[in-house]
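Following: one structure in structure tokens, then a few remarks.
The figures here come from the full heavy-atom set of this structure, side chains too, leaving out hydrogens, waters and symmetry mates.
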Amino acid sequence: MCGIAGYLGPKDAAQVLLVALERLKYRGYDSAGLAVSEGGSLHLRRAAGKLQALSAKLDAQPVSGHCGIAHTRWATHGPPEERNSHPHLSYDGRIAVVHNGIIENHAALRRDLEADGVRFASDTDTEVIPHLLAKHYDGKDPLQALLRTLAMLEGAFAIAVAFADRTDRLLAARKGSPLLIGRGRDRPLRPGTQERQYTDGGTPWGERELLIASDLPALLPHASEYLPLEDGEIADLGPHGVRCYDFRGERREPRWRPVEITASAVSKGNYDSFMAKEIAEQPEVLARLIDSRLRDGRLVQPDLGIDLATIRHVVFLACGTSWHAALLGKRFLENLARVHVEVDISSEYRYRNPVAAGNTLVVAISQSGETADTLAGLRLAKSKFLPVVGLVNVVTSTIARESDGVLPLLAGPEIGVASTKAYTAQVMALYLFAAQIARAKGLLPHDAEDSCIAAARAMPDLVARTLQLCEPSVEECADLYAAAQATVFLGRGGEHPTALEGALKLKEIAYVHAVGYPAGEFKHGPIALVTRHLPVVCICPRDAMYEKMLSNIQEVKARAGRIIAVGDGADRDLRDLADQVLPVLRASDELLQPILSILPLQRYAYRVARLRDCDVDQPRNLAKSVTVE
Ligand code: M6R
């Protein structure tokens, strides 16, 4: 977790860096800081708490300069206090470092440095890095100092380094944690000359402004091209432009790519939060995704370098919401393609000794593509020579780059910590992938393929209408139950993952204790929780489990639980049983119904969070990309 940024160019570095941190704060937001190199010194500003605290500090004590680094933190080593905020300075104040990741051998390095008389100012693992750099820096060759320091570090990291005596130089390095370098447009030539136009009166930073960031949106709007650093790569930014090296100091050829997202894709627009915006975007996200998987009205076989017809087993690796999508993926593959499927939580899979049976495909599902546990699971699978496909939203991510094939979600940047549009896109992508495998295996005749496609194509409109339809009841329920201490979510079959996902949303953004349960299992213990004060959300569309679910609702009602049903708003039986109904429309293929059922629960969590005065985009203790174990 944590977000890092750097800037070298004609603009005011602190202002550019503050905007970059704003875009990175989804990666951590318990403290923030920046350092600007100017006039032979590093000017440091740091503040505990949200980014506004740093901004206020900069208003009170501005810094000027054109070269700096910045950080937004999700604490791992040491509480979120100012002294633990990044950047960290070397003992002589000449070097500043920001870091994302964990230095695993920091305790041993710290002991050695302390034995040499270095006094530490923080509890962080990071602080060893600037001290080691200072020991190796002779005032002439920053790159050599970095190479020597990197040779001593164990663990995962992305770092950016600024120097007091260099207002035209930044260094960055990556091992395990993501890091991108950006560069702005080439400056125009003066008419009739070969000279470039500088409005800033000089070229100490080269011909293009240069940036560093943990993620693409933070390079906007300044960068027109970006370069994802590979593991074990260094970038040296200066008047010479960007030079890349490996950790032995050998030159590497940078491969620049155009920046294709716009600044508006990463702004809230007219919404009060990214979460609200991302929930509303779901119809267009699904439409785009479905279009991308069809050509001339038929399913396109994805180009994954894998013969889908030979797949006998699939292992899904995922965490959190992506794991819930994987549970639905299992149903799709079993139903449509008759493939045996295991669904693994990445942090468990990576420490097991999984059997690598033949004809197994591993699918790593991750919105961010940077989740450390899923990445480790992917690497374990690859070490067993299993082919891996990454189902990711961020196609520049590490999981995308390390997978043998990529299934992109095309959901656009998801900034709210609670995953919403990426979840429904994952579910749809898995449905279409199952249909693609079924077709490759000859299990999906033309008319069945037509029905799948028609069912998928109807979903964007059904999603848009369900969002409208359910809102008044969502508001009413949120008003009634916002103060409840706990909420239970029950579902069966495809709605069991919906129950888990509905509970996760409420927990993470509204801080309400919530649990999702398979409704048929509820009577084996948890039903003891039911009292007249407990809201029980029962997901009960008219699917194959409908009758069973009605019986489970009866069991809750008999114990006086408060029933909020998700289902057909016109269903008399359901209305008679439930205290409230959150109405949803009906998908033509019941496999896709969970996409509709989750919508009122996303909105319910959002509204309860608002009523409880919670920050929906940046809930406490969390970060969007979990890049540590
Ligand atoms: O980026 P990923 O999909 O790999 O992230 C996995 C989880 O960290 C993520 O889904 C998390 O559970 C969300 N906060 C849920 O809303």
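Of the residues listed (Thr371, Thr374, Asp373), the one engaging Ser346 in a side-chain hydrogen bond (donor to acceptor under 3.5 Å, both in side chains) is Thr374, and it is the only one.
In this structure, Arg73 fails the cation-pi test against Tyr29, since its NZ or CZ atom is not both closer than 6.0 Å to the six-membered ring centre and inside 45 degrees of the ring normal.
Classification of Arg331 and Glu590 as a salt-bridged pair fails, no side-chain N sitting under 4.0 Å from a carboxylate O. Between Asp571 and Arg542, at least one side-chain N (NZ, or NE/NH1/NH2) sits under 4.0 Å from a carboxylate O, which counts as a salt bridge. Salt bridge annotation for Asp615-Lys50: present, with a cationic side-chain nitrogen under 4.0 angstrom from a carboxylate oxygen. Of the charged side-chain nitrogens involved, none lies within less than 4.0 Å of a carboxylate oxygen, so that Asp617 and Lys25 do not count as a salt-bridged pair. Contact check on Asp461 versus Arg465 returns a salt bridge, with a Lys/Arg side-chain nitrogen under 4.0 Å from an Asp/Glu carboxylate oxygen. Look at Glu82 and Lys57 and you find a salt bridge, because one of the NZ, NE, NH1 or NH2 atoms lies within 4.0 Å of a carboxylate O, short of that distance. A salt bridge links Glu475 with Arg607; the closest basic N to acidic carboxylate O contact falls under 4.0 Å. Using a 4.0 Å cut-off between charged nitrogen and carboxylate oxygen, Glu278 and Lys421 do not count as a salt-bridge pair. Salt bridge status for Asp543 with Arg586: absent, with no side-chain N to carboxylate O gap under 4.0 Å. Asp215 has no carboxylate O lying under 4.0 Å from a charged side-chain N of Arg23, or vice versa, which leaves the two without a salt bridge.
Note that OG1 of Thr124 and NE2 of His99 are 9.0 Å apart. Values are rounded to the nearest 0.5 Å. Summarising the geometry, atom OG1 belonging to Thr466 is positioned 11.0 Å from atom CD1 belonging to Ile595; distances are rounded to the nearest 0.5 Å. Of the inter-residue distances, the one linking Arg575 atom CZ with Leu577 atom CG reads 12.0 Å to the nearest 0.5 angstrom. Note that OG of Ser366 and CG of Leu409 are 9.0 Å apart. Values are rounded to the nearest 0.5 Å. Separation of atoms CG (Leu601) and CG (Leu582) is listed at 6.5 Å; rounding is to 0.5 Å. The distance from atom CG of Leu17 to atom CD of Glu22, rounded to the nearest 0.5 Å, is 13.0 Å.
Counting heavy atoms from C-beta on, the side chains of Leu430 and Leu391 come closer than 4.5 Å. No side-chain heavy atom of Leu490 sits under 4.5 Å from any side-chain heavy atom of Val537. A heavy-atom distance below 4.5 Å is not found between the side chains of Ile159 and Val98. Between Thr72 and Leu51 the shortest side-chain heavy-atom distance does not fall below 4.5 Å. Inter-residue side-chain proximity for Arg288 and Asp291 is flagged as unmet; no heavy-atom pair is nearer than 4.5 Å. Using a 4.5 Å heavy-atom threshold, the side chains of Arg27 and Cys2 count as separate. Here the side chains of Leu462 and Leu596 are in contact, with some heavy-atom distance below 4.5 Å. Side-chain contact between Arg610 and Asp272 is present, with at least one heavy-atom pair separated by less than 4.5 Å.
Side-chain N/O atoms of Thr398 and Arg174 include a donor and acceptor closer than 3.5 Å. No side-chain donor from either of Ser473 and Gln580 sits under 3.5 Å from a side-chain acceptor of the other. Under 3.5 Å, the side chains of Asp589 and Tyr431 contain a donor-acceptor pair of N or O atoms. Using modelled atom types and a 3.5 Å distance limit, the side chains of Gln282 and Thr424 yield a donor-acceptor pair. Asn393 and Gln367 form a side-chain donor-acceptor contact under 3.5 Å, judged by distance and modelled atom types alone.
Counting non-hydrogen atoms of neighbouring residues, nucleotides and ligands closer than 6.0 angstrom, the CG atom of Asp59 exceeds 12 such neighbours. Under a cut-off of 6.0 angstrom, the local environment of CD in Gln485 is sparse, with at most 12 non-hydrogen atoms contributed by other residues, nucleotides or ligands.
Glu402 meets the salt bridge (charged side-chain N to carboxylate O under 4.0 Å, His left out) test with Arg379; sequence neighbours excluded.
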List the atom pairs, with distances to 0.1 Å, where a side-chain N or O of residues 492-504 and a protein N or O form a donor-acceptor pair under 3.5 Å, not counting sequence neighbours.
{"residue": "Arg492", "atom": "NH1", "partner": "Asn552", "partner atom": "OD1", "Å": "2.7"}
{"residue": "Glu495", "atom": "OE1", "partner": "Thr498", "partner atom": "OG1", "Å": "2.6"}
{"residue": "Glu495", "atom": "OE1", "partner": "Ser597", "partner atom": "OG", "Å": "3.3"}
{"residue": "Glu495", "atom": "OE2", "partner": "Ser597", "partner atom": "OG", "Å": "2.9"}
{"residue": "Glu501", "atom": "OE1", "partner": "Thr321", "partner atom": "OG1", "Å": "2.9"}
{"residue": "Glu501", "atom": "OE1", "partner": "His324", "partner atom": "ND1", "Å": "2.8"}
{"residue": "Glu501", "atom": "OE2", "partner": "Thr321", "partner atom": "OG1", "Å": "3.2"}
{"residue": "Glu501", "atom": "OE2", "partner": "Lys505", "partner atom": "NZ", "Å": "2.5"}

